[in-house]
Amino acid sequence: MSDDAADREPAMNRDERDRRRKLAEIEDLGVPAWPSRFAASHTLEQAAETFGDLDGPGLDAIPEAERTVRVGGRVVAIRSFGKAAFLRLSEGPGTLQAHVRRDVLSERDFAVSKALDLGDWAGVTGPIFRTRTGELTVRADSLSFLAKALLPLPEKWHGLTDRDTRYRQRYLDLLGNPRTREVFRSRAGMVSAMRRFMDGEGFLEVETPMLQPLATGAAARPFQTRHRALGIDLYLRVAPELYLKRLVVGGFPRVYEINRNFRNEGLSTRHNPEFTMLEFYRAFSDCADMMEITERLVIAAARAVRGGEPAVFGDEEIRFEKPFARVSLLEVTGAALKEHGVALEDDDLRSAAPLAEAHRQLDLPLPPDESAGKLLLSLFEALAERRLIQPTFVTGYPVEVSPLSKASPDEPGITERFELFAGGLEIANGFSELNDPDEQAARFGEQMAKRQAGEEHAMDWDYIEALRHGLPPTGGCGVGVDRVAMLLTNSPAIRDVILFPHLRPREGR
RNA sequence: GGGCCGUUAGCUCAGUUGGCAGAGCGCUCGCCUUUUAAGCGAGAUGUCGCAGGUUCGAAACCUGCACGGCCUACCA
């Protein structure tokens with residue numbers, strides 16, 4: 001892509017020329033084309049609420065001065081009768097109709113109304129009344145031009161359907177599709193409910209570095225950048241985990257962070273390179289405590305969006321109700337294997353050779369690291385994960401796939417860790433935090449020894465030093481906020497719950 | 001990476017057997033002072049994704065490419 005192509009202004013089409021001509025008409029009338037402010041008395045929603053209970057005679061009985069409003073919005077429909085017109089104004093969740101009349105408006109204001117295009121911003125002042133058909137309407141005694149839309153709105157019946165445009169020009173999607181607005185209002189309500197929940201549980205909201213000298217806390221490929229003044233490479237964080245636990249060492253026993261993580265990996269319906277994670281840590285807690293609080297958190301989030309109703313997700317109905325199902329990785333994977341005609345005893349599910357053989361039988365690619373734990377997890381992800389529709393805690397994760405989790409005192413090779421699934425999506429991951437600095441250093445060492453090309457694993461000595469100062473018994477959990485939002489808004493793709501998802505850059509623009 | 005589908009007016013989309021490039025919305029002009037996808041009349045839409053090829057003739061058929069979508073694969 002050349003700079004020329006990137007910098008070139010898009011060619012002006014006929015629509016824009018027409019609209020610029022009407023803008024000039026408005027300026028010729030002496031009306032400011034781009035005024036700074038508009039002192040509205042009500043939002044459109046407030047105006048509709050305030051007067052919505054009154055019928056026509058009821059409104060007429062009120063003196064005009066007491067039902068006069070000053071409201072602004074985007075003009076989304078114009079029905080003109082020559083010497084009068086109806087303008088539908090839209091702003092945020094509100095919408096209201098205005099009636100402009102030649103015998104009511106000043107000559108100049110009426111001329112401005114004739115020069116309006118769909119998409120322009122305008123304000124009107126006048127009394128509220130009901131039309132013959134009963135619609136709540138403002139009689140425009142004066143009209144204020146607020147801003148010009150030089151480009152047309154998307155088509156009004158079908159709305160904007162092209163996926164690419166919906167993601168790249170999200171404002172058009174929001175403008176034309178009420179459903180899109182609803183998804184993002186729901187998401188905001190959900191995040192807000194999550195914060196209220198954490199605050200109510202006595203957690204302190206904190207912010208930890210996005211730019212980290214080592215990309216720690218998860219085994220994902222990081223984005224790399226450069227700090228010029230310090231002369232060092234930095235990574236966008238793949239997880240906040242190790243910083244949050246440093247805060248527990250520092251005497252904040254309950255901390256949480258809702259923020260972005262960045263992973264330099266493929267895009268899919270379930271993956272965006274930057275995604276939002278809620279992570280929380282609580283001292284004197286273990287894996288079981290984390291399952292209990294995660295369950296309540298997710299139910300609170302679901303209630304905020306769905307009320308008491310089950311979440312509809314594709315063909316499924318997901319019930320976020322206590323108690324969530326609990327299964328072990330071993331049993332759920334074993335059962336899934338059996339259904340695929342591969343019967344393995346529990347001992348086989350703990351041994352690399354039979355698990356690798358199962359991959360061959362089912363024609364599944366082997367993971368690069370062929371430890372028993374990794375192979376078991378690979379089978380789980382291939383066969384079992386997608387079938388976990390109702391909220392289900394999976395427990396019993398092997399040590400070799402859980403480098404930050406405390407090992408179980410009872411079951412050798414198993415950690416005190418869970419993942420929560422719903423709608424076939426992984427939505428949370430929590431565990432008893434490994435707080436023995438020597439064991440943590442040993443685990444990091446094993447990870448480094450097994451790292452694959454392109455992966456970044458490094459010994460975080462600074463974190464080990466923090467552990468050496470004493471991390472109390474602590475439970476932690478990370479919740480995939482985007483994925484929970486997908487489930488609660490019936491969105492099949494993560495792009496549908498991220499306002500500006502990452503896409504391949506458009507050529508020649 | 002693989003498979004399938006798509007790309008035609010600003011938007012949403014038709015386009016039959018290869019024979020003048022179409023509809024609705026939006027736009028322009030005219031009429032219309034209570035409409036609700038307002039209505040009536042008239043009008044203009046365009047690099048049919050790009051490049052080749054076949055053909056008297058290609059939006060359509062063939063080849064290649066680009067871009068996008070879905071599925072799949074990869075991915076803690």
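Numbered from 1 within each chain, the chains take letters A, B, ... in sequence-line order. What you are looking at is a predicted structure, and each value in this text was computed from that prediction instead of being measured.
- Pair assignment for B:A44 gives none, since no Watson-Crick or G-U wobble pairing has each distance under 3.5 Å.
- B:U35 is unpaired under the Watson-Crick or G-U wobble criterion, no partner having all donor-acceptor distances under 3.5 Å.
- The shortest side-chain heavy-atom distance between A:Arg263 and A:Arg221 does not fall under the 4.5 Å cut-off.
- Out of B:A73, B:U34, B:A76, the shortest distance to the side chain of A:Lys374 is found at B:A76.
- Taking the C1' atom of each, B:G69 and B:G39 are spaced 39 Å apart, rounded to whole Å.
- Applying the 4.0 Å criterion to OP1 and OP2 of B:U35, one finds that A:Arg79 has every side-chain N and O outside that range.
- Shown here, B:C56 forms a base pair with B:G19; the pair counts as Watson-Crick or G-U wobble because both key distances fall under 3.5 Å.
- In the set B:U33, B:A76, B:C75, B:U33 carries the atom at the smallest distance from any side-chain atom of A:Ala84.
- The CD atom of A:Glu16 sits 14 Å away from the P atom of B:C11 (whole-angstrom rounding).
- Distance noted for atom C1' between B:A21 and B:C4: 29 Å (whole Å).
- Distance CG (A:Asp18) to C1' (B:G43): 13 Å, rounded to an integer number of Å.
- If A:Ser80 and A:Arg130 are placed on RNA chain B by their nearest nucleotide, the residue sitting closer to the 5' end is A:Arg130.
- The nucleotide whose nearest atom lies closest to any side-chain atom of A:Leu118 is, among B:U35, B:G26, B:G69, B:G26.
- B:C48 sits 15 Å from B:G18 when the C1' atoms are compared, rounded to a whole Å.
- One can find a donor-acceptor pair under 3.5 Å joining the base of B:U33 and the side-chain atoms of A:Asp103.
- Nucleotides B:U17 and B:G49, compared at atom C1', are 26 Å apart to the nearest Å.
- The side chain of A:Arg101 contributes no N or O atom lying less than 4.0 Å from OP1 or OP2 of B:U34.
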Decide side-chain contact (heavy atoms from CB on, under 4.5 Å) for A:Leu150 and A:Arg20; before the verdict, give the C-alpha distance in whole Å, the side-chain angles of both, and the deciding distance to 0.1 Å. CA-CA 7 Å; A:Leu150 292 171; A:Arg20 284 186 184 274; 3.5 Å; yes
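- The nucleotide B:G24 finds its pairing partner in B:C11, both defining distances of the Watson-Crick or G-U wobble pair being shorter than 3.5 Å.
- With both ends at atom P, the span from B:G53 to B:C11 equals 31 Å, rounded to whole Å.
- Comparing the P positions of B:U35 and B:C20 gives a spacing of 44 Å, expressed to the nearest Å.
- Taking the nucleotide of RNA chain B with the nearest heavy atom to each of A:Phe86 and A:Arg19, the more 5' of the two is matched to A:Arg19.
- Judged by atom type and distance alone, A:Glu135 does not reach the base of B:U34 through any side-chain donor-acceptor pair under 3.5 Å.
- Using the Watson-Crick or G-U wobble rule with both distances under 3.5 Å, B:C4 pairs with B:G69.
- The residue A:Phe129 sits close to a base: some heavy atom pair falls under 4.0 Å.
- Counting to the nearest Å, the C1' atom of B:A73 and the CG atom of A:Leu366 are 15 Å from each other.
- One atom, CZ of A:Arg102, and another, P of B:C32, lie 10 Å apart when rounded to the nearest Å.
- Side-chain contact of A:Thr95 with A:Arg88: a donor-acceptor pair under 3.5 Å is present, judged by distance alone.
- Rounded to a whole Å, the CG atom of A:Leu172 is 14 Å from the C1' atom of B:U12.
- Between the P atoms of B:C13 and B:G52, the separation comes to 30 Å (whole Å).
- Around CZ of A:Arg179, the count of heavy atoms belonging to other residues, nucleotides or ligands within 6.0 Å exceeds 12.
- Across all strands, A:Pro403 comes closer than 4.0 Å to base atoms (heavy-atom distances).
- Across all strands shown, B:A51 is found opposite B:U63 as a Watson-Crick or G-U wobble partner, with both distances under 3.5 Å.
- Taking atom P on both B:U7 and B:U54, the two are 25 Å apart, rounded to the nearest angstrom.
- Among the candidates A:Thr43, A:Thr125, A:Ile128, A:Val124, the single residue satisfying the side chain to side chain contact (heavy atoms under 4.5 Å, CB included) test with A:Val71 is A:Val124.
- With ring centers used as reference points, A:Phe418 lies 6.0 Å or more from A:Phe324.
- A donor-acceptor contact under 3.5 angstrom links the side chains of A:Asn429 and A:Arg417, judged on distance only.
- Atoms NZ (A:Lys114) and C1' (B:U33) sit 11 Å apart, rounded to a whole Å.
- Here B:C75 presents its P atom at 9 Å from CD of A:Glu381, a figure rounded to the nearest Å.
- In this model, the phosphate group of B:C27 is not approached by any side-chain N or O of A:Lys22 to a distance below 4.0 Å at OP1 or OP2.
- The interatomic distance linking A:Leu420 (CG) with B:A76 (C1') rounds to 17 Å, in whole Å.
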